[in-house]
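Right, one structure below, let's go through it.
In what follows, chains are A, B, ... by sequence order, proteins preceding strands, each numbered from 1. Hydrogens, waters and symmetry mates are skipped; everything else that's a heavy atom, side chains included, is used.
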Amino acid sequence: MTAAAGPAATGPAGRAQTAAALQSALAAENAAIYGYGVAGAQLGTAARVQALRDWTQHEVARDQLQAMLTSLGVKPVAAQPAYRLPFPVHGTRAAISLAGYLENQVAAAYLGIVALDDSRLRSWGAAQARACALRATTWLGRTVAFPGLASGAGPATARPSASP
Amino acid sequence: MRADLRRRSVLAAAVMTVPLVAAGCKGVGALGTPPEPGPDVAMLRGAIDTEQALIARYRSAMAGSPALSGTLGPLLAQHREHLARLTSMLIEPAGHGASPGTTPSAARTTTAAGSGPAATLAALEAAEAGAARSLASRLTLAPPALAQLMASIAASEASHALLLRTHQAGG
């Protein structure tokens, strides 16, 4: 993906909208990176290797988002030192559920980028949402009808996967 | 283009954010003057046709390989959800079904190449991957809410392909 080369936002309004969507995705990635660290600590060797691989992919995406925001002249949102998890994470099963949860939250944030006018960013956001869905399926062994969207409702509002 | 105008199809772009309102709107009257249908309606119809074709493929596969029902049933159910959500974005006058052509072209090629469960899974995997790629390549031209739905469905179908591949590897 070459989206890190910089989004071509047109006009102040489009630029603000682009920055907001990128910041939401970055916040979600930051939370996911934290969450994968928590999950990884609960996993056995083989699953921990998978968690490490996915964690790295989220770090790469985070770096791309930071670069895109910087190229827009916007200061990238900083990661929180810690995040409140959506449920207690003790043991393998909860760790795997957390990974699946995080992926869906990050996918939701990327759908915010898909709503932008910039076609290059749209495609990149869609590819990222797809990557999230594939990781979630690898973890959970099942699929969902609408990754990143609330089932039966409109698009999920992009929000960090865990509250600071 | 003129045929499109006669069809008086309306893309309910706001349906994603106001699903309850849209679900209650069975005609265009409630929305006032219908906007002219644009290329997004054709795009929506294309996505609907693809889902109908996939549903036909799954039904055929499950009829031919009942042992695969446990694997394929949940995926078929998700395609029905895709179809319902896409169809809900297309609002048309009474007397004109929202899902014309219930025998889309791809449905006629439902017979899996080769035979047996492995070939069936491989054929469905290819169909899912193709559908996901097709949606992903077209969503740049869609209005924002439809683009989001297309991206989500494409992600779902890509994960279907992954799951089907996993089942082939697992025997």
Problem - Any donor-acceptor pair under 3.5 Å from B:Gln148 side chain to A:Ala115 backbone - result: no
Fill in the blank from the handout: Closest non-hydrogen contact found for B:Thr140 with A:Ser119 is CG2-O, 3.6 Å
Practice task
Tell me, for A:Arg135 versus chain B, whether the close heavy atoms (under 4.5 Å) come from the side chain, the backbone, both or neither.
Solution key: neither
Handout entry: Straight-line distance of A:Arg142 CZ to B:Ser159 OG, nearest 0.5 Å
Key = 11.5 Å
Problem - A:Ala145 backbone acceptor or donor facing B:His82 side chain under 3.5 Å - result: yes
Exercise for the section: Report whether A:Trp139 and B:Leu162 are members of the same hydrophobic cluster (ILVMFWY, side-chain heavy atoms less than 4.5 Å apart, transitive linking). Expected result: no
Problem - Any donor-acceptor N/O pair, B:Gln78 side chain to A:Thr143 backbone, under 3.5 Å - result: yes
Fill in the blank from the handout: So, the part of B:Leu139 with a heavy atom under 4.5 Å from chain A: the answer is both
Handout entry: Heavy-atom contact with chain A under 4.5 Å, split by part of B:Leu135
Key = neither
Exercise for the section: Between chain A and each of B:Ala142, B:Ala161, B:Ala132, count heavy-atom pairs under 4.5 Å; write down the option with the most. Expected result: B:Ala142
Fill in the blank from the handout: Among B:Pro144, B:Ala151, B:Ser152, B:Pro74, the residue with the most heavy-atom pairs under 4.5 Å to chain A is B:Ser152
Exercise for the section: Considering non-hydrogen atoms only, spot the tightest contact between A:Arg122 and B:Leu141 and give its length. Expected result: NH1-N, 4.2 Å
Handout entry: Hydrophobic cluster identity match, A:Leu98 and A:Leu52, side-chain contacts under 4.5 Å
Key = yes
Practice task
Answer yes if A:Leu140 and A:Leu134 sit in the same cluster of Ile, Leu, Val, Met, Phe, Trp and Tyr residues linked by side chain heavy atoms under 4.5 Å apart, and no otherwise.
Solution key: no
Exercise for the section: Using modelled atom types only, decide if a donor and an acceptor are shared between the side chain of B:Ser156 and the backbone of A:Val144 within a distance under 3.5 Å. Expected result: yes
Handout entry: Greatest number of heavy atom pairs closer than 4.5 Å to chain B - which of A:Pro147, A:Gly141, A:Ala126
Key = A:Pro147
Exercise for the section: Evaluate whether atom CZ of B:Arg138 has more than 12 neighbouring non-hydrogen atoms of other residues, nucleotides or ligands under 6.0 angstrom away. Expected result: yes
Problem - A:Leu149 side chain near B:Arg85 side chain, heavy-atom distance below 4.5 Å - result: yes
